[in-house]
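Comments concern the structure below.
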Amino acid sequence: MDIDIARVLGPMDRSVRRFDKDGKAASAVTLTRLYDTDVEDLWDAVTSPERLPRWFLPVEGDLQVGGRYQLQGNAGGTITACAPPQRFEATWEFGGDVTWIAVRITREGDQARLTLEHTALVQDHWTQFGPGAVGIGWDMGLMGLLLHLASGAALDQAEVFAWMASDQGKAFVAESGEAWRAADVAGGEDPAEAKVRSDRTIAFFQGEPPPEVAHPGTGS
């Protein structure tokens, strides 16, 4: 694989929003970008159990409102809303934690825009890793969607995993993590704290030990 990192990451808009959800502190990361296809094709690509494995992961379950889904080796949950071909919402349950995703698709001229929002309560994992913990993973996933829509072909998963371990794959992670650090700061986070979390998250995705850095405000 040879990926144009700037072409993949540059057109993606990212934001971080903090708010109260049912009386608890929560944060939402949002990704949005245009794709060179129509609304119906983009909807099919992100919801069809036949097409999802071509760029993301195999899925099984009862894929309708109230039904349970399971992504192979990853998250599962309950579909809570669905209005084809504009939006769907679901819980995202992984490792005992419950978070929430919402996907919207809109038409812009002869293109289609995908907006993905992933919401989580502010707990230890968020405090340690920040928005990049889910943001980098979604950047990778939506890179797969971009490649699939451009060619119509299924990605070679072995080739993808080999690329992720390559120097170019690690550069992708670093640039994605930096973009999420900037979004974190724009969303109101202290810049020094945002950098600590971003560095820690990038190291995790690159398979490196976490950097030894002083925690902001502690001197240790």
Side-chain angles (χ1 to χ4, degrees), residues 3-19 21 25-35 46 55-57 71 73-75 77 88-95 97-105 113-148 160-161 163-165 168-208 210-211 213:
I3 303 296
D4 185 339
I5 295 175
R7 174 174 171 265
V8 172
L9 293 177
M12 187 79 74
D13 291 328
R14 303 167 185 81
S15 63
V16 179
R17 178 171 61 94
R18 292 165 176 80
F19 60 101
K21 180 177 175 63
S27 187
V29 302
T30 301
L31 308 86
T32 180
R33 75 167 296 156
L34 285 169
Y35 290 92
V46 302
W55 64 271
F56 193 45
L57 292 168
L71 291 163
N74 204 289
F88 71 85
E89 299 177 11
T91 62
W92 184 267
E93 303 170 26
F94 185 78
D97 293 328
V98 179
T99 57
W100 302 267
I101 60 169
V103 173
R104 299 189 302 277
I105 296 175
R113 177 176 293 279
L114 182 142
T115 301
L116 186 154
E117 183 177 77
H118 194 154
T119 299
L121 298 179
V122 176
Q123 298 176 326
D124 289 346
H125 190 264
W126 175 270
T127 302
Q128 279 190 292
F129 296 101
V134 296
I136 292 175
W138 283 122
D139 273 339
M140 290 178 174
L142 296 185
M143 175 186 70
L145 176 59
L146 181 71
L147 297 175
H148 166 65
V160 171
F161 282 117
W163 177 81
M164 288 171 59
Q168 191 183 48
K170 291 182 177 182
F172 180 97
V173 166
E175 292 197 28
S176 172
E178 170 59 23
W180 284 107
R181 182 204 62 77
D184 201 12
V185 173
E189 184 56 80
D190 173 76
E193 179 67 35
K195 177 168 173 50
V196 167
R197 301 195 305 186
S198 176
D199 288 349
R200 185 180 292 131
T201 305
I202 290 169
F204 173 83
F205 275 93
Q206 291 180 336
E208 304 291 341
V213 294

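Values reported hereafter were calculated over all heavy atoms of this structure, with side chains retained and with hydrogens, waters and symmetry mates removed.
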Side chain S198, main chain G177, donor-acceptor under 3.5 Å: yes

Not counting sequence neighbours, which residues clear side chain to side chain donor-acceptor pair (under 3.5 Å) with R197? List them please. D184, E189

Side-chain donor or acceptor of Q206 paired with backbone N/O of V173 under 3.5 Å: no

Does F161 have more than 12 heavy atoms from other residues, nucleotides or ligands lying within 6.0 Å of its CZ? no

Do H148 and F56 have side chains that get closer than 4.5 Å, going by heavy atoms? no

Listed partners of W100 passing ring pair (Phe, Tyr, Trp, His ring centres under 6.0 Å), at least two apart: none

Can you pull out every side chain to side chain donor-acceptor pair (under 3.5 Å) where at least one residue sits in residues 129-138? Sequence neighbours excluded, please. H118-W138

Kindly say whether V29 contributes a backbone atom to a donor-acceptor pair with the side chain of R14 at under 3.5 angstrom? no

side-chain contact (heavy atoms from CB on, under 4.5 Å) involving R104 - partner list, sequence neighbours excluded: R87, T115

R33 NZ/CZ over Y35 ring centroid, <6.0 Å and within 45° of normal: yes

With a 4.5 Å heavy-atom cut-off, do L114 and L145 have their side chains touching? yes

Exercise answer: donor-acceptor pairs, residues 5-13 side-chain atoms, under 3.5 Å, sequence neighbours excluded:
none

What's the separation between atom CG in D4 and atom CD in Q168, rounded to the nearest 0.5 Å? 8.5 Å

Please round to the nearest 0.5 Å and tell me the distance separating atom CD of Q128 and atom NE2 of H125. 7.5 Å

So do W92 and L71 actually touch side chain to side chain, heavy atoms under 4.5 Å? yes

Going by atom types only, do T32 and R113 share a side-chain donor-acceptor pair under 3.5 Å? yes

How about W126 and V134: do any of their side-chain heavy atoms sit closer than 4.5 Å? no

d(F204 CZ, I136 CD1) to nearest 0.5 Å is 10.0 Å

For K170, side chain to side chain donor-acceptor pair (under 3.5 Å) partners two or more places apart: E208

Nearest heavy-atom pair of T99 and A120: which atoms, and what distance? CG2-CB, 3.5 Å

